[in-house]
Amino acid sequence: MENKQQIFTEYPRPQLKRDSYFNLNGNWILNGNDILVPFPLESNASGVKKRLNNGEYIIYKKEFTLDEKFIKDFTFLHFLGVDQQYYIILNDHKFDWITPLNFPTKIDVSKNIKEHNELYVIVKDDLDFRFPLGKQSKKPKGIFYTPFSGIYYPVFIESIDNGYINKLDITTTMNTVTLNIDSTSDEFNVQIFDNNELIINETFTTKTRTFNIDNPKCWEPNNPHLYDLIITTKTDKITSYFGLREIKMQDGLIYLNNKKIFLNGVLDQGYYPEGIITPISYDSLKYDVLTMKELGFNTLRKHIKIELPYFYY
């Protein structure tokens with residue numbers, strides 16, 4: 001079955017973005033009917049709005065076709081959010097159970113991916129207190145909210161050649177950026193841009209590198225300036241971003257970029273009428289942030305949940 005509806009079509013990780021991307025969001029089959037992924041089973045946006053009983057499984061099915069040129073040395077299936085436990089069957093091969101604990105998961109499907117694919121995702125969610133569940137309740141009232149089950153964040157596939165960039169850690173000061181690159185490659189080219197102007201272009205062989213930024217523009221709430229970043233290996237290319245900033249505490253006060261700052265914030269629980277834990281679009285995330293700024297706040301404290309990467313971007 002091909003997608004009838006495409007949602008969250010942007011590459012879902014703006015801090016580790018590459019061209020090799022196949023979006024699996026959209027219409028899946030659930031017990032012979034459609035469900036809209038990545039909205040949880042209980043939500044209006046899923047098109048199902050069904051509560052899950054103890055011991056009941058959610059069985060998703062998705063058929064999809066990849067261009068043969070898309071498939072490279074390694075193919076990974078990514079789930080950014082599934083509640084609570086699940087396993088997959090891809091082209092008749094069953095993978096082990098996964099308990100993601102609200103974190104994204106990456107499954108190596110290199111040996112099982114084909115041009116034409118049949119994918120099942122089998123999910124169990126009994127509101128097991130051994131796993132994080134926040135304020136979900138089977139009898140929601142007061143501070144407790146409607147439970148959510150199944151796939152609740154984007155699903156996607158990427159296929160990449162050996163020597164790819166597996167992970168990127170970025171640390172900044174007010175005038176430097178340090179990159180720690182997890183990769184089997186032995187050579188990296190880094191380009192840093194300030195408002196589309198190339199300010200650094202270096203090739204090196206170490207996996208950790210610090211760059212000094214001339215005429216630095218620091219990030220702050222009223223001027224959230226970001227630098228764009230491209231890292232290229234012989235077989236891979238990713239884009240990313242960073243902001244120059246330093247945060248410290250001194251004498252009981254908080255300093256941002258060596259200036260005192262009063263954190264005037266709200267508790268952001270990140271729940272939505274249509275999707276419960278899932279916004280209906282990335283624009284919903286942006287709207288929340290900008291509305292809080294317009295109301296005079298400069299801090300959002302996340303409550304329980306890990307947000308989509310676009311929220312932090």
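Just so it is clear, the structure is predicted and the values come from calculations on it, not from any experiment.
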Exercise: identify the closest heavy-atom pair between Ser20 and Phe70: OG-CE1, 3.7 Å
Would you say the side chain of Thr299 lies within less than 4.5 Å of the side chain of Asn264, judging by non-hydrogen atoms? no
Pair Asp186-Thr205, side-chain donor/acceptor within less than 3.5 Å: no
So do the side chains of Ile192 and Glu202 get within less than 4.5 Å of each other, counting heavy atoms only? no
Validation row: Thr203, Glu187 side chains within 4.5 angstrom (heavy atoms): yes
Please indicate whether Tyr287 has more than 12 foreign heavy atoms, meaning atoms of other residues, nucleotides or ligands, lying under 6.0 Å from its OH. no
Donor-acceptor contact below 3.5 Å, side chain Ser159 vs main chain Lys72: yes
Is the positively charged end of Lys135 above the ring of Tyr271, judged by distance under 6.0 angstrom from the centroid and angle within 45° of the axis? no
Would you please say whether a donor-acceptor pair under 3.5 Å links the side chains of Thr173 and Asn175? yes
Indicate yes or no: does Lys69 engage Asp67 in a salt bridge with an N to O separation below 4.0 Å. no
Kindly say whether the aromatic ring centers of Phe95 and Tyr87 come within a distance under 6.0 Å. no
Can you check whether Leu229 reaches Val177 side chain to side chain, under 4.5 Å on heavy atoms? no
Can you confirm whether Leu119 sits close enough to Trp28 that some side-chain heavy atom of one is under 4.5 Å from a side-chain heavy atom of the other? yes
Taking the six-membered ring for Trp, are Tyr60 and Tyr86 ring centroids under 6.0 Å apart? no
Give a yes or no on whether a salt bridge exists between Glu220 and Arg245, defined as a side-chain N under 4.0 angstrom from a carboxylate O. no
How are the rings of Tyr152 and Phe148 set relative to one another: parallel (under 30°), tilted (30 to 60°) or perpendicular (over 60°)? perpendicular
For the residue pair Asn112 and Asn91, confirm or rule out a side-chain donor-acceptor distance under 3.5 Å. no
Is Lys237 paired with Asp19 through a side-chain N to carboxylate O contact shorter than 4.0 Å? no
Asp128 vs Gln84, side chain to side chain contact (heavy atoms under 4.5 Å, CB included): CA-CA, chis, key distance, verdict: CA-CA 8 Å; Asp128 191 330; Gln84 278 180 303; 3.8 Å; yes
Less than 6.0 Å separating the ring centroids of Tyr153 and Phe8? no
Student check: side-chain heavy atoms of Ile181 and Ile165 closer than 4.5 Å: yes
Looking at Tyr241, does the NZ or CZ of Lys17 lie under 6.0 angstrom from its six-membered ring centre and within 45 degrees of the ring axis? no
Just checking, any donor-acceptor pair under 3.5 angstrom between side chains of Asp125 and Ser149? yes
Geometric class of the Tyr227/His225 ring pair [parallel <30°, tilted 30-60°, perpendicular >60°]: perpendicular
Heavy atoms, side chains only, cut-off 4.5 Å: are Ile7 and Pro38 in contact? yes
What I'd like to find out is whether the side chain of Glu158 reaches to under 4.5 Å of the side chain of Tyr11, using heavy atoms alone. yes
